[in-house]
Protein chains: 2
Amino acid sequence: LIELKNITKSYPLDGLQLKILKGISLKIDDGEFVAIMGPSGSGKSTLMNILGCLDKPSSGTYLLDGQRVENLSADELAEIRNRKIGFVFQGFNLLSRTTALENVELPMVYANIPAEKRERRAKEALAKVGLKERMYHQPNQLSGGQQQRVAIARAVVNEAPIVFADEPTGNLDTKMSIEIMNLFTKLNEELKRTIILVTHEDDIARYAKRIIRIVDGEIHSDERNV
Amino acid sequence: LIELKNITKSYPLDGLQLKILKGISLKIDDGEFVAIMGPSGSGKSTLMNILGCLDKPSSGTYLLDGQRVENLSADELAEIRNRKIGFVFQGFNLLSRTTALENVELPMVYANIPAEKRERRAKEALAKVGLKERMYHQPNQLSGGQQQRVAIARAVVNEAPIVFADEPTGNLDTKMSIEIMNLFTKLNEELKRTIILVTHEDDIARYAKRIIRIVDGEIHSDERNV
Ligand SMILES: Nc1ncnc2c1ncn2[C@@H]1O[C@H](COP(=O)(O)OP(=O)(O)OP(=O)(O)O)[C@@H](O)[C@H]1O
Ligand SMILES: Nc1ncnc2c1ncn2[C@@H]1O[C@H](COP(=O)(O)OP(=O)(O)OP(=O)(O)O)[C@@H](O)[C@H]1O
Ligand SMILES: [Mg+2]
Ligand SMILES: [Mg+2]
């Protein structure tokens, strides 16, 4: 499903090139549940943005579903994201003057889903993350963990085959984290979706079947979770 | 140092009053190290914003250092914050077109600290949180955990006697979290600063000497940490 070969990513800074990803190669099959871990600043979000077709690598190749995507245009990447990818951002990225419900409906608007069906599915997704009582609140009327859960609901509502989640439980208490991880487990085991999540917590990584560790822009280990 | 009596906080929503804090009373002495825990949405950040003089309660009284502060004007609250309070926000709240260094200098600008001393202290604070190599990056050139550490550095650089930290390690790996908690412990034990931090993780709360649990806008328990 996903195949990266020698992916690098650098940023220009003061006339130099700051190397963030230094040659990442990996394969992820359909239906896997992968956790990515590593120190703060090691390149996890940068890798997730490339995997999620939100950003392009500086060099290397990315085969997604048999299609080379590292050199596609912004429009072509957007089209792939709308059809195949759900993404929970580390910083949530919710639209501000927009209710939780409307935020969750957004991917379905792009997929041309009719309004009645959109509303029903958005409400179901929000109920699954415990936000039935907060549907009409805007992000600035929600707690940090509630905003995070709106971002999670939005990423799973379109039945995208691949879900990327960048630290989805960082603002949640233990009980709510377990509910969210059970949701991801269900999406993976019952609905066969591929889940790739970044986390700093071993308790969260434990739900995955494989753990990839990134240090300083390189893969340090890649192991089955036993 | 801090005394809350029957603090409530409500928000108007659709003509009704949504009650968030339902009568909070507590006392915190000079030099304490307190952790506040509770479910997502229970009112922790709302309570922290009132304690940190960023917001006013709907009713109840707040005695800070013997002064009644619940009815002060915005300017008077700002003046208290500048002199007495360092605050790490759950959402970081960094200035965007501004380097990490300038962000950390900001509280010292308000305190009229001369430029040379400001720069030196800001660099020291950033080095303490492991960001010496990222001083001139702007927030959108920093990882989530790096932004969080800039917010932490900014909150401690002005030697404020009271430090409020709203989930300061949510985006940090275990090793970096330990370094941050050691920093807070040092501020508390060596420099005698009062530390009040919100966390969802028991491992982090363990560093505090007292744990207050909030559920549904009320204090459920308030215990010495043994
Ligand atoms: N402006 C507002 N209008 C209406 N409700 C609000 C507003 N701001 C916050 N709330 C509600 O207040 C409640 C408490 O929010 P708060 O941010 O204090 O929670 P919290 O305990 O910090 O949660 P978390 O652990 O998720 O950060 C939430 O249910 C939230 O929806
Ligand atoms: N636009 C940019 N310009 C320069 N450097 C950048 C830029 N964006 C990110 N970086 C750097 O890239 C590195 C990796 O960032 P990334 O966000 O991928 O880290 P991360 O592993 O997700 O960290 P965290 O666990 O803190 O979220 C960081 O050191 C960061 O400073
Ligand atoms: Mg990140
Ligand atoms: Mg909060």
Side-chain angles (χ1 to χ4, degrees), chain A residues 11-14 18 20 37-49 89-92 94 129-131 133-134 136-150 166-177 179-180 198-205 213-215 217, chain B residues 11-14 18 20 37-49 89-92 94 129-131 133-134 136-150 166-177 179-180 198-205 213-215 217:
Chain A
Y11 291 107
L13 213 68
D14 306 325
L18 186 64
I20 305 301
M37 302 186 80
S40 168
S42 56
K44 306 177 298 296
S45 297
T46 305
L47 176 61
M48 290 283 277
N49 290 340
F89 293 89
Q90 186 169 5
F92 318 149
L94 301 178
V129 297
L131 289 179
E133 311 293 310
R134 291 286 183 268
Y136 302 109
H137 285 228
Q138 296 187 355
N140 67 348
Q141 299 170 322
L142 292 172
S143 78
Q146 290 168 344
Q147 292 174 36
Q148 190 159 39
R149 286 182 270 155
V150 175
D166 197 343
E167 301 195 35
T169 61
N171 288 282
L172 302 177
D173 51 282
T174 306
K175 182 162 173 290
M176 184 55 65
S177 296
E179 287 183 37
I180 293 303
V198 170
T199 182
H200 281 305
E201 297 182 58
D202 295 309
D203 288 344
I204 297 298
R213 292 184 190 276
I214 307 269
V215 180
Chain B
Y11 290 107
L13 213 68
D14 305 327
L18 187 62
I20 305 300
M37 301 186 82
S40 170
S42 56
K44 307 177 297 297
S45 296
T46 305
L47 176 61
M48 290 282 276
N49 289 340
F89 293 88
Q90 188 169 5
F92 320 149
L94 302 177
V129 297
L131 288 178
E133 312 291 312
R134 290 286 183 268
Y136 301 109
H137 285 230
Q138 296 187 354
N140 67 348
Q141 299 171 321
L142 292 172
S143 78
Q146 290 169 342
Q147 292 174 35
Q148 190 159 39
R149 285 183 271 155
V150 174
D166 198 343
E167 301 195 36
T169 62
N171 287 284
L172 302 176
D173 50 283
T174 307
K175 179 161 173 288
M176 184 55 65
S177 297
E179 287 184 35
I180 294 302
V198 171
T199 182
H200 280 306
E201 297 183 57
D202 296 309
D203 288 345
I204 299 297
R213 292 185 192 275
I214 307 270
V215 179

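- Heavy-atom distances place the side chain of A/Leu13, and not its backbone, under 4.5 Å from chain B.
- Of the atoms belonging to A/Gln147, not a single heavy atom falls under 4.5 Å from chain B.
- Ranked by heavy-atom pairs under 4.5 Å with chain B, the first of A/Leu172, A/Thr199, A/Leu142, A/Asp202 is A/Leu172.
- Interface residue A/Gln146: backbone and side-chain heavy atoms are both found under 4.5 Å from chain B.
- Between the side chain of A/Asp173 and the main chain of B/Ser40, a donor-acceptor pair closer than 3.5 Å is present.
- Heavy atoms closer than 4.5 Å to chain B are found nowhere in A/Gln148, neither backbone nor side chain.
- Contact of B/Leu18 with chain A is made through the side chain alone, with heavy-atom distances under 4.5 Å.
- Between chain B and the options A/Met176, A/Arg149, A/Lys44, heavy-atom pairs under 4.5 Å are most frequent for A/Arg149.
- Counting heavy-atom pairs closer than 4.5 Å to chain A, the top-ranked of the candidates B/Glu201, B/Met37, B/Lys175, B/Gln141 is B/Glu201.
- Chosen from A/Gly43, A/Gly130, A/Gly91, A/Gly144, the residue pairing most often with chain B at heavy-atom distances under 4.5 Å is A/Gly144.
- If you take NE2 on B/His200 and OG1 on A/Thr169, they are separated by 10.0 Å, rounding to the nearest 0.5 Å.
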